[in-house]
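Numbering of ligands and ligand atoms starts at 1, following listing order. Just so you know, these numbers come straight off a predicted model, no measurement behind them. Position 1 is the first residue of the sequence; numbering continues from there.
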Amino acid sequence: MSRLQSVLGLATAALLGGTLLPSAFADPADSSPIDYSLRVDAAGETTSIPETMHGVFFEDINDAADGGIYAELVRNRSFEYDTVDNPSYTPMTGWSATSVGGAEGSAEVVDDAERLNENNRRYLRLRPNAHGRAAYGVTNAGYHSGMALERGEKYDFSVWARSDQPGGTPLTVTATDGSGSPVGRTMRVRVRGDEWTEYTTTFVAHSDTTTGRLRVLAHGSGTVRLDMVSLFPRETYKNEPNGLRPDLARRIEALNPGFLRFPGGCLVNTGSHESYQAPDWERRRSYQWKDTIGPVEQRPTNANFWGYNQSYGLGYYEYFRFAENIGAMPLPVVPALVTGCGENEATHDPQLLRRHIQDTLDLIQFANGPVDTEWGAKRAAMGHPEPFGLTHLAVGNEENLPEDFYEHFAKFREAIEQRYPGITVVANSGPDDSGPVFDRAWELAREQNAEMVDEHYYNNPQWFLENNRRYDSYDRSGPKVSLTEYASEGNRFYNALVESAFMTGLERNADVVRMSSYAPLLAHEDDPQWTPDMIWFDNHRSWGSASYEAQKLFGNNVGDEVVPSEASSTPVEREPISGAVGLSTWNTSAAYDDVRVTSADGRTLLTDDFSGDASQWSELTGTGDWSVQDGAYVQSDTGVRNTMVTAGDKSWSDYDLQLSATKRAGSEGFLVAFGVKGTGNYYWWNLGGWNNTRSAVQKTTAGSSETVLSEDTTIETGREYDIRIEVRGRQVTLFLDGEKWGSFTDEQRAEPFRQVVTRDNETGELIVKVVNAQDNPARTELDIEGAGRLASTARLTTLQGDPDAVNTAESRPITPEKSVVRGVDENFTHTFPAHSITVMRIKHEN
Ligand code: AHR
């Protein structure tokens with residue numbers, strides 16, 4: 001037995017006596033150190049880590065793009081806002097008519113033959129009646145509290161305009177604060193001629209404001225038409241034209257992301273898949289990349305799945321440039337014509353499908369094609385003759401209809417591989433970490449020999465501690481995994497701790513998990529549609545959440561290869577599965593009878609043949625229509641989901657639950673629960689689930705459920721089934737009609753002490769990452785074998801703090817601290833603080 005194996009033995013022994021909840025790790029009053037060992041086999045077989053290990057997923061959710069990282073300050077600059085974007089919107093959203101010096105006039109948004117172009121259909125028609133010092137026009141209020149303008153900074157104003165006045169129409173343009181006081185000089189523009197022309201001018205702000213406005217006033221009379229009214233800070237990230245807010249872009253760059261997945265998410269594959277075209281332009285459409293390139297004034301806008309308007313000012317070219325500027329591999333996502341995110345519809349229109357497949361081929365040409373190709377030329381015309389070097393592309397996002405999705409995916413992939421054999425086409429496994437959609441999607445991915453499958457999950461913190469070994473058992477020869485959306489539910493430091501613990505498992509499985517990214521990336525404080533988020537901002541500030549700090553730490557300390565290491569487990573008592581029993585249904589009417597719960601040592605804990613009432617049972621979820629009928633307990637409502645009633649004691653463990661069940665009507669079968677501790681904490685045997693297509697055991701913890709066992713049993717209506725569930729310690733065996741149906745041991749433990757060791761080949765350092773997600777410090781004996789000569793000091797970066805701490809605009813309790821550890825040797829002791837994430841870089845020479 002090698003030394004590593006003996007540590008593994010120790011870990012397994014500890015595993016047998018594990019725990020479930022972090023709070024059970026130790027008595028909160030006892031903060032004395034717990035002893036661990038951590039062995040590193042620096043000469044052992046390594047696994048190489050891809051540069052894409054940790055990346056970012058950008059979606060225009062939470063105002064991430066418009067009103068966020070896209071630096072445009074004018075809201076609704078092209079007057080295209082519509083109720084389809086949001087019921088509260090009108091074409092004048094963001095704007096108000098403004099009169100100075102008693103001027104009269106009208107300001108109307110119209111869509112007529114005089115429009116700027118067919119994509120940008122609406123414009124503002126101003127009819128001032130303003131003479132002398134009077135002026136009439138509009139004021140834009142920017143996003144949320146207003147435009148953030150900074151003293152000494154330059155701002156570029158531009159507008160497309162035309163005037164029917166022979167001598168032209170003078171415009172005066174002023175940036176003001178919220179009370180109307182100018183924060184820069186008033187700019188003057190004379191609109192000449194009745195052809196659409198772009199006018200530009202610049203000012204320098206002479207004071208700061210966070211409630212800025214932009215006032216555009218016309219003088220004289222007649223008609224002046226305005227469109228694409230824009231105010232852009234001169235300073236953008238890397239000075240890109242039509243660029244990004246520097247603070248936000250730099251925060252993302254600081255993560256050192258290996259890839260940039262864009263542009264979403266739900267906003268990619270939902271809505272109609274038709275092209276943008278009048279007259280049905282008011283429908284929300286899926287994200288179609290061709291809408292988003294070329295001159296900004298020629299890009300249509302679209303309703304955003306997240307309830308606002310997307311200007312497409314930040315479009316595919318800008319995304320590619322951003323990826324390039326932050327040194328990340330671009331990973332675009334295109335719609336597969338199967339909607340997800342609650343819409344769940346497949347569009348099987350061969351012509352439309354062909355068009356989208358062709359668009360995807362054109363996208364690859366836009367990214368990589370020579371400048372003399374149609375789409376390569378468009379890239380060059382936008383300022384980038386060199387190819388962007390696209391190597392990966394995802395088709396689809398979280399489709400819930402695996403059969404439809406994989407039918408389309410195969411067609412996209414075949415066309416792409418034929419034309420561009422070097423491109424990896426990424427499939428996906430739906431919106432969950434497990435369950436029938438997930439299982440079927442993976443099955444199809446394997447059948448199709450897909451190269452890579454994208455997984456997404458948002459789970460409770462405990463799940464992340466329990467699932468560190470998720471990828472240990474993945475098939476090494478099957479499709480690789482990209483995990484481009486995950487987060488634990490919450491924005492506290494504790495969330496960062498559990499995510500980091502989980503990331504050690506991702507890195508350890510770098511041969512299977514080739515990409516991972518936390519999601520969502522950005523959120524405007526005034527308009528989040530989704531929390532938690534990684535980076536928060538308002539109009540003038542931004543700050544990283546605790547999870548951001550953890551992602552940054554990992555992203556900047558990945559290493560090139562995983563070095564074998566093993567740590568001992570937290571020595572705690574492992575409790576048996578315990579809890580009451582329960583009966584439930586899902587869109588089904590069922591009758592339950594002869595319920596008996598017997599302890600393993602033969603004592604009767606509960607019997608009910610329903611010859612009397614059902615007083616032993618109480619409602620858990622408060623739904624359903626339960627009554628005793630003909631000596632059985634019947635749930636009659638076929639229109640409700642999860643109707644759980646429960647009986648017994650939460651402390652019960654080691655018991656047999658036996659009963660008979662008959663389906664009367666409806667679409668599913670039976671839900672028989674055990675280990676019931678509350679509404680969000682139980683196991684159930686789901687017989688005839690998923691519209692009676694399969695059966696599974698599901699474990700629900702803190703409201704989120706995962707599948708423990710799954711099989712294709714279905715349930716017949718009118719037939720009486722004999723059900724028995726045997727709970728012994730953490731092992732459960734299930735019998736259907738006297739036959740063993742399945743068995744599992746819930747060995748998942750919420751281990752709070754996790755590690756991964758990698759090597760940075762360039763610096764010759766071992767990178768030891770240790771997460772200690774508990775109340776006690778971890779006094780750890782490190783044993784480093786086969787590393788040759790070790791430096792006696794190591795560089796340490798630590799995130800440490802109160803598990804409840806939250807980073808905000810005003811205070812950042814979770815920030816990295818750097819220090820040096822002395823006395824490093826082949827064998828030395830280091831104490832990892834309670835609630836900490838530590839990166840220890842140790843130089844060695846082989
Ligand atoms: O990240 C937020 C959303 O979560 C994404 O749009 C979607 O893919 C997932 O459901």
J.: Protein N/O near ligand 1 N/O, under 3.5 Å, which pairs?
T.:
| from | atom 1 | to | atom 2 | distance (Å) |
| --- | --- | --- | --- | --- |
| ligand 1 | 1 (O) | Y458 | OH | 2.7 |
| ligand 1 | 1 (O) | E485 | OE1 | 3.3 |
| ligand 1 | 4 (O) | Y458 | OH | 3.4 |
| ligand 1 | 4 (O) | E485 | OE1 | 3.0 |
| ligand 1 | 6 (O) | E59 | OE1 | 2.5 |
| ligand 1 | 6 (O) | E59 | OE2 | 3.2 |
| ligand 1 | 6 (O) | C266 | N | 2.7 |
| ligand 1 | 8 (O) | N397 | OD1 | 3.2 |
| ligand 1 | 8 (O) | N397 | ND2 | 3.2 |
| ligand 1 | 8 (O) | E398 | OE2 | 3.1 |
| ligand 1 | 8 (O) | E485 | OE1 | 3.1 |
| ligand 1 | 8 (O) | E485 | OE2 | 2.7 |
| ligand 1 | 10 (O) | E398 | OE1 | 2.9 |
| ligand 1 | 10 (O) | E398 | OE2 | 3.0 |

J.: Are any side-chain N or O atoms of Q529 and backbone N or O atoms of N62, one a donor and one an acceptor, separated by less than 3.5 Å?
T.: yes
J.: Classify the side-chain pair E398/N428 by whether it contains a donor and acceptor separated by less than 3.5 Å.
T.: no
J.: Indicate whether the side chain of Y237 and that of E253 have a donor and an acceptor atom separated by less than 3.5 Å.
T.: yes
J.: Among residues at least two apart in sequence or on other chains, which ones pass salt bridge (charged side-chain N to carboxylate O under 4.0 Å, His left out) with E240?
T.: R321
J.: List for me each residue that meets ring pair (Phe, Tyr, Trp, His ring centres under 6.0 Å) alongside Y308, sequence neighbours excluded, and say none if there are none.
T.: none
J.: Residues two or more places apart in sequence or in another chain: which of them pass side-chain contact (heavy atoms from CB on, under 4.5 Å) with K411?
T.: L353, I357, E407
